[in-house]
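Below, chain A is the first sequence line, B the second, and so on; all start at residue 1.
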Amino acid sequence: MEYKFRDIEKKWQEWWSAQKIYRVMNASTRPKCYVLDMFPYPSGTGLHVGHPLGYIASDIYSRYKRLKGFNVLHPMGFDSFGLPAEQYALDTGQHPAETTKKNIATFKAQLDNIGFCYDWDREIQTSDPSFYKWTQWIFLQLFDSYYDRQKNKAENIALLIEVFQKEGNVRHPIPNLAYRQAGPQFRIPFFRADEWKDFDEKTQQDILMQYRLAYCGYGEVNWCEALGTVLANDEVVNGVSERGGYPVVKKKLRQWYLRITEYADRLLEGLGKVDFSEAMKEMQTNWIGKSSGAEINFQVKPPLTPPKGEDTTPKYQTAHLSLYSITKMLSEEKRKNPTPEELIMWQLLLANKTGFHIRRQHIIGTYIVDFACLDKLTTIEIDGGYHNTPETLFYDKERTAFLKANGFTELRFTNEEVKEDAGIVVKKIIEFLSKLPSISRISESSKVSPLGGDLEGAPMLKVYTTRPDTIFGVDFMVISPEHELVEIITTAEQKASVEEYIAHVKSRSERERMAEKKITGVFTGAYALNPFNGREIPIWISEYVLAGYGTGAIMGVPCGDERDHKFAKHFNIPITNIIGTWYNGEEANPTKEAILENSDFINGLVMKDAMEIVISKMEELGIGVRKVNYKMRDAAFSRQRYWGEPFPIKWINGIAYPLDEMELPLELPHVEKYTPGPDGEGPLANIPEWIHKGVKIAKQSESSEVSPLGATEQSEGWERSSLEGAWALETNTMPGYAGSSWYFLRYMDPHNDKAFCDRNISDYWNQVDLYIGGTEHAVGHLLYSRMWTKFLYDMDLISFDEPYKKLVNQGMITGKSYFIKAIGFLGYKIAGDIGSDPNAKTWYIVSNEMKEENLDFLNPKILYSTSWIRLKYGHQYVNSDGKLSKQNFEKYLRERPDEYLSVNHSSFLIKWDNRDGEEYIFIREEVEKMSKSKFNVENPDDIVSKYGADTFRMYEMFLGPVEMSKPWDTKGIEGVHRFLKKFWRLFADETKGLIVIDEQPTPEELKVLHQAIKKIESDTERFSFNTAVSAFMIATNELSDLKCHKRSILEPLLILLAPYAPHIAEELYYQLQKPPQTPPKEGLRHTQSQLDEESISKENFKLAESSKVLPFGEDLGGASILNASYPKLEEKYLIETTKEYPISINGKLRTTLNISLDAEQSEVEKIVLENEVVKKWLAGNPPKKLIYVKDKMINVVI
RNA sequence: CCGGAUGUGGUGAAAUUGGUAGACACGUCAGACUUAGGAUCUGAUGCCGUAAGGUAUGGGGGUUCGAGUCCCUCCAUCCGGACCA
């Protein structure tokens, strides 16, 4: 009886599949366990040996848990939307649906070949309408929700509309204050209830868009005009497209976003309750990038230009020039529609009745105040009740801060006070104003700023800093080239160079800009004023400041920040030292411990203590506010592509309307061409039906009719009537991570057409207990799916708010690539006679280490160049020491004539090295990511057919820890294969067949078994699969030495092995059970269905009744090892009485001694000091000390 | 540039808590069986040295009776950085 792995594996794979033995029930009395692999993208190149690493690990764990009595969900499916399929379609004209289908078939065949225990009945594919129907459905929920900051959870947007109707948005400020859409309403981000009601629908919808968790905005993309398409960051190299090398620029396009920033804090907190590696948590934490500091307003010293559009120059110019026309419009509007209280007040304050000149709805900066007495630098506000709630503080604070910074005092009264007795209010105002001096008496000019600047047109530069303590060390400001102020503040002299610089920056990707080492930048000509001392600070623009981060502006503190320091040195900006000796003039010192100098009111303080003081002072003076900042930005959720989920959104008159739930799924139409649409739109924009009329109604009666979009309509008893009308469907599609953000839920209930997942079922399966995948998903997929889970939780659609309880990151398997050294010469030709054609090139292939000058076999030549040529598939021909023999090279030329040194070197001479008659060259070996494009991939199918799936599984595990990346090398696989053969020989002999006997085991044999149980169980539990495999080897070696063939030892060992090598285990288990040899032991077997019905208690396990029949007729007894139960560790077999102690002298091992484990210090000292080796080292002297650690070691100190 | 990870024999690695560095394999060498060996079995194998012994976990420094493990510092390699998934 030989180990015929091919037959065995085929037989059991078929049987398992025919028995549906991996079917998983959604109800069981057994504890549940959900094991998931990261969603694979079915690429056209199929799996390589690196991919299954994690799948094998999770499969082992799942099988192990099943043996341990768990109901295990371990599904597999495909993330089948994505760019590569579309790119392939562009290149070859094949429809992505077709290629995807093909690819999935390949993947499944490859996966099945390895013997995974997937329940394929639960397979899902993101590109399947029955799946993406629910992706669209969840999108609609996101679209229909906003984040309520008071409740700290998502809520339906209908609630927000109610609030707006009652009180406007004061308690619910627009989440992203920096965001401004065109139109005057958004210049001032607050409105009252009456204003809300007066907004037209477009305005209302635009405002709501600012709150939706899935919203539409504008974002920059890499735009390639020549290709007419948007490119991924990695498709852009050095500012040109990777394909074709065409120029790429930044372009603003309409985009969908997910408001993930609202979840930033909860995503951060959630990390506390999940079992992810510290590295992973750190990466996510850094990505979210929460920091606290201050947002500081710097006034820009403006070029004095009078406002335009006003016939007379007003005496007091207080409006922000850049937005003046807009704010003016708004203020006029407000004047026309005063609240009753404002009206009362105005009548009392009007026309100098008070003796002071009071204006109403006056613009100061970008703010509109209710009333203002400019002569006294006083503003008067009549607040609705909600102004007293703390929630509005931040807006008010900002406004107050601004007004304060510009010398204004704010008087506030409530509506109630006015209603009660407006006279008293007016009296108070008069009293207050009387005490103040008039500014006309302070100053002749109209300047009203306390700093002496002019409010007229004076823009503020907002800067976020985590180091407010360095405020007096600010020597320059840098704003991003995209910053809105650039245009306003650049002086005429600097205009040309600024524009030139911006053009340069536009061509560069964000990554390039951050990675750039060269210091670039240009001075705008403008100066900001330090709010504390009025010092003038030059404002620069530079690419290293990105518009999307913080406020898009930084304050440069060269003595404390390395990058700022280099910038200052490079542009010769004088450096202010605020940290004395901590700064050496050569290098910035980012310390927080230094004692401040040259820092006005914080001199002498330690920096970290000064931070708080500066922030308080700034808030007091209204210069700035304390602020928490996040690096994370809202997630771009649309792609200008074809092969993705269509958005269930229709546009009518510029307003986005959701499709009705009944209209889902909105199927992806069939297209003939995948070329991009006009103006950077996706391919869907090329379909007239899509953008003009939408889907034609398919009546029930004509349900089989194919709509103009190619999708076959299902007749579900509803009509798509609302889809009629003059409107357009959204032409963007969703990105790859849409489906993968929630797919783990769908596996629980994959065929449900009433809901994305039945609530009872998701309550049962709950979180994923073990999630295995690569670190490359650390921040993308993992954060998004965590956010979606929190959202679904907020909506009370699921009962948990973290998707993955434990995450294990598998390492990469890297491949080895080989490079041949070729030296080229000019002037020689090798065809036929060696001539002297001066333009010909001759290439010599030489050993790795060969130097040009050592090529003595040539006459002196003109060196042309040296190049390294990739030897494609070199790993199949090169020895592990990098030696390529002439024989193998010839084989290579025969087998792969087309691949032959693919570079355009027409001809070669090879300079073989020679030893022992063998000709060879050494070639360079490099470890690279395993990838088709690097021609170093290894297909698992090849390994499986050569050694079997069990060997492959165990070898991948044996390579090293799952988390670690390691190079693939087939050499070691022999050892694992040998082990399986040796294991087989414990059970069966080539000639005698099964040799298992029923004899009492010896203590020695029991010890081997129980050591194995202990080691393998704990190793499996902690995902240390490589050491578990070696434990199997040790046990097998020891049992072979003991010549043990006893059933009571081997059968438990077999169950231990089953998760790792399921085929051989099932076969041997079957052989063991097979009558007539010995009847199987009572209690070891049970069936899945019994387990689901019965209690988990082991006593209830019964022998399977039903005989299951193999497809090929053989009776297999129905007792699969899959349903066995895991052997139990008996510590009593492991007890030791003595130990071979290592004896060290001064920490160095000199000998070992066998000493009883319960020996005391004194006994040990006696034994050790009598030892010859120890005596020799002591040389007659007494030891200084003797350290004895029980069960560990003994150290003699001399 | 920012962030993360990893450095141990010729190779993959082990050492779970500061306690015998290199388990288990590959490879190599020697031997047995054999018509044969890409089967199987036995032995050796970090490096230097005949040996005693010395030396060794990327480099340097520190803490400790004792450091691969803890601390400081430097170096190298790999991975990720928002439209590849």
Side-chain angles (χ1 to χ4, degrees), chain A residues 38-41 43 79 81-84 87 219 221-222 229-236 255 277-280 282-283 285-287 289 510-517 544 548 562-563 631-636 638-641 735-737 740 774-781 783 809 811-812 814 880-881 927-929 955 958-961 963-976 978-979 981-982 985 1018-1019 1022 1024 1026-1027 1029-1034 1037 1040 1140-1144 1146-1152 1184-1187 1189 1191-1198:
Chain A
M38 281 187 193
F39 221 9
Y41 174 78
S43 75
D79 190 9
F81 272 134
L83 190 59
Q87 191 53 50
V221 294
N222 298 312
T229 190
V230 175
L231 297 176
N233 271 339
D234 62 342
E235 291 176 306
V236 184
Q255 301 285 345
S277 70
E278 285 309 309
M280 177 64 56
E282 214 167 315
M283 275 191 253
T285 305
N286 286 332
W287 182 267
E510 199 163 281
R511 180 106 56 90
E512 281 174 322
R513 284 173 57 177
M514 284 191 285
E516 181 58 81
K517 275 190 194 145
Y544 81 83
E562 195 49 51
R563 208 167 37 174
K631 205 161 78 187
M632 182 167 68
R633 289 172 272 167
D634 280 341
S638 50
R639 303 290 182 258
Q640 287 67 46
R641 302 286 182 185
Y737 64 82
S740 63
T775 24
E776 63 270 25
H777 301 285
V779 282
H781 161 63
L783 272 181
N809 290 113
M812 244 191 337
T814 48
S880 53
D881 52 1
V927 171
E928 289 184 309
K929 193 170 175 169
Y955 179 58
F958 187 62
L959 273 177
E963 307 93 325
M964 226 67 78
S965 66
K966 52 240 150 191
W968 176 259
D969 188 349
T970 337
K971 307 280 174 358
I973 204 164
E974 294 285 348
V976 175
R978 258 175 238 163
F979 151 73
K981 283 196 280 189
K982 194 166 180 177
R985 285 198 304 272
S1018 74
D1019 282 355
R1022 67 190 176 99
S1024 177
N1026 56 328
T1027 50
V1029 173
S1030 82
F1032 280 118
M1033 291 173 170
I1034 292 167
N1037 289 344
S1040 295
E1140 174 116 335
Y1141 277 95
I1143 314 294
S1144 301
N1146 285 345
K1148 275 196 197 302
L1149 179 78
R1150 296 301 171 187
T1151 186
T1152 60
K1184 272 193 194 142
K1185 210 202 267 183
L1186 190 144
I1187 291 154
V1189 183
D1191 205 18
K1192 291 279 187 211
M1193 46 60 71
I1194 295 158
N1195 189 17
V1196 185
V1197 186
I1198 56 172

Round to a whole Å and report the spacing from CD1 of A:Ile973 to C1' of B:G27.
16 Å
Quick one: label A:Glu776 by what it contacts on the DNA or RNA (base, sugar-phosphate, nothing), any heavy atom closer than 4.0 Å.
base
For A:Pro735, report the nucleic acid contact type (base, sugar-phosphate, nothing); a contact means any heavy atom under 4.0 Å.
nothing
Paired to B:A23 by Watson-Crick or G-U wobble criteria (both distances under 3.5 Å) is none
Between B:A23 and B:U11, how far apart are the two P atoms, rounded to whole Å?
15 Å
Decide yes or no for A:His777 and A:Asn809: does some side-chain heavy atom of the first lie under 4.5 Å from some side-chain heavy atom of the second?
no
Taking every heavy atom of A:Ser1040 against every heavy atom of A:Lys982, the minimum-distance pair comes out as OG-CE, 3.5 Å
Pairing partner of B:A67 (Watson-Crick or G-U wobble, both distances under 3.5 Å)
none
Hey, is the side chain of A:Lys981 poking within less than 4.0 Å of OP1 or OP2 on B:A39, counting only N and O atoms?
no
Considering every strand shown, what is the Watson-Crick or G-U wobble mate of B:G7 when both distances are under 3.5 Å?
B:C75
Could you check if a side-chain atom of A:Phe39 sits within less than 4.5 angstrom of a side-chain atom of A:His781, using non-hydrogen atoms only?
no
At 4.0 Å (heavy atoms only), tell me whether A:Gln640 reaches a base, stays on the sugar-phosphate, or touches nothing.
base
Quick one: is B:C2 close enough that its OP1 or OP2 comes under 4.0 Å of any side-chain N or O from A:Arg563?
no
In whole Å, measure the gap between the P atoms of B:C65 and B:A13 for me.
35 Å
Please state whether the phosphate of B:C24, meaning OP1 or OP2, lies under 4.0 angstrom from any side-chain nitrogen or oxygen of A:Arg978.
no
Winner on side-chain proximity to A:Thr1152, out of B:U11, B:U20, B:A85, is B:U20
Name the residue closer to the 5' end of RNA chain B, choosing between A:Arg985 and A:Gly972 according to the nucleotide with the nearest heavy atom.
A:Gly972
How many Å lie between NE2 on A:His777 and C1' on B:C79, as a whole number?
13 Å
Sugar-phosphate, base or nothing in reach of A:Thr1027, heavy atoms under 4.0 Å
sugar-phosphate
Going by a 90° cut-off around 0, is B:G9 syn or anti?
syn
With heavy-atom distances below 4.5 Å as the criterion, would you say the side chains of A:Thr775 and A:Met280 are in contact?
yes
A:Ala279, nearest nucleotide to its side chain (from B:G19, B:A5, B:G81):
B:A5
Measure from the side chain of A:Met1033, starting at C-beta and using heavy atoms only, and say which of B:A21, B:C24, B:C83 lies closest.
B:C24
With a 4.5 Å limit on heavy-atom distance, are the side chains of A:Lys631 and A:Trp287 in contact?
no
Would you indicate which nucleotide in B:G3, B:A85, B:C65 comes nearest to any side-chain atom of A:Asp79?
B:A85
Does B:G80 pair with anything, Watson-Crick or G-U wobble, both distances under 3.5 Å, and if so, with which nucleotide?
B:C2
Watson-Crick or G-U wobble partner of B:G18, both distances under 3.5 Å:
none
Answer with base, sugar-phosphate or nothing: what part of the nucleic acid does A:Met964 contact at a heavy-atom distance below 4.0 Å?
sugar-phosphate
Specify whether A:Trp968 and A:Tyr955 have parallel, tilted or perpendicular ring planes, treating 30° as the upper limit for parallel and 60° as the lower limit for perpendicular.
perpendicular
Rounded C1' spacing from B:U57 to B:U20 in Å
15 Å
Within the 4.5 Å heavy-atom criterion, are A:Arg641 and A:Thr229 side-chain neighbours or not?
yes
Among B:U16, B:G19, B:A85, which nucleotide has an atom closest to any side-chain atom of A:Leu83?
B:A85
In whole Å, I'd like the distance from the NZ atom of A:Lys971 to the P atom of B:G10.
17 Å
Counting only side-chain heavy atoms from C-beta out, which of B:G12, B:A5, B:C65 sits nearest to A:Lys966?
B:G12
Describe the nucleic acid contact of A:Glu278 in one word from base, sugar-phosphate, nothing, applying a heavy-atom distance below 4.0 Å.
nothing
Is the backbone N or O of A:Asp1191 less than 3.5 Å from a side-chain atom of A:Tyr1141, with the two atoms forming a donor-acceptor pair by type?
yes
Take atom P in B:G3 and the same atom in B:G9, then report the distance between them in whole Å.
30 Å
Using a 4.0 Å heavy-atom cut-off, does A:Glu963 contact any base of the nucleic acid, only the sugar-phosphate backbone, or nothing at all?
nothing
To the nearest Å, give me how far apart CZ (A:Phe958) and P (B:C24) are.
10 Å
Nearest-angstrom distance from the residue atom CG of A:Leu1186 to P of B:C65:
15 Å
B:G38 and B:G27, which share atom name P, separated by this distance in whole Å
12 Å
Under 3.5 Å donor-acceptor, A:Asn222 side chain and A:Leu231 backbone
yes
Paired nucleotide for B:A51 [Watson-Crick or G-U wobble; both distances under 3.5 Å]:
none
Just to be sure I understand the rule, does A:Gly82 reach a base, reach only the sugar-phosphate, or reach nothing, if contact means heavy atoms closer than 4.0 Å?
sugar-phosphate
From NZ of A:Lys1184 over to P of B:U64, roughly how many Å is that when rounded to an integer?
14 Å
Touch check for A:Val230, heavy atoms < 4.0 angstrom, all strands: base, sugar-phosphate only, or nothing?
base
Find which nucleotide of RNA chain B each of A:Gly975 and A:Val1189 is nearest to by heavy atoms, and output the residue with the more 5' nucleotide.
A:Val1189
Quick one: label A:Asn286 by what it contacts on the DNA or RNA (base, sugar-phosphate, nothing), any heavy atom closer than 4.0 Å.
sugar-phosphate
For A:Asn1037 and B:A25, is the shortest distance between a side-chain N/O and OP1 or OP2 below 4.0 Å?
yes
Applying the Watson-Crick and G-U wobble criteria at under 3.5 Å, what pairs with B:U35? Answer none if nothing qualifies.
none
For a quick check of understanding: with a heavy-atom distance under 4.0 Å over all strands, which category does A:Pro961 fall into, base, sugar-phosphate or nothing?
sugar-phosphate
Does any nucleotide pair with B:A30 by Watson-Crick or G-U wobble geometry, both distances under 3.5 Å, and what is it?
B:U42
In whole angstrom, give me the gap between the P atoms of B:U73 and B:C78.
24 Å
Looking for any heavy atom pair under 4.0 Å, which part of the strands does A:Met812 touch: base, sugar-phosphate only, or nothing?
sugar-phosphate
Given atom CG of A:Asn1026 and atom P of B:U16, what is their separation to the nearest angstrom?
13 Å
Write down the distance separating the C1' atoms in B:G53 and B:A32, rounded off to the nearest Å.
35 Å
Taking the side chain of A:Leu1149 as its heavy atoms from C-beta onward, which of B:C24, B:A85, B:A21 lies nearest to it?
B:A21
Check whether any side-chain heavy atom of A:Gln255 sits under 4.5 Å from a side-chain heavy atom of A:Val221, and report yes or no.
yes
Between B:G12, B:U20, B:G3, which nucleotide gets closest to the side-chain atoms of A:Pro1142?
B:U20
Using a heavy-atom cut-off of 4.0 Å across all strands, would you classify A:Ile1034 as base, sugar-phosphate, or nothing?
sugar-phosphate
How would you label the contact of A:Leu231 with the nucleic acid (heavy atoms, under 4.0 Å): base, sugar-phosphate, or nothing?
sugar-phosphate
Spacing of the P atoms in B:G58 and B:A76 (rounded, Å):
16 Å
Could you check how far CG of A:Leu783 sits from C1' of B:A85, rounded to whole Å?
16 Å
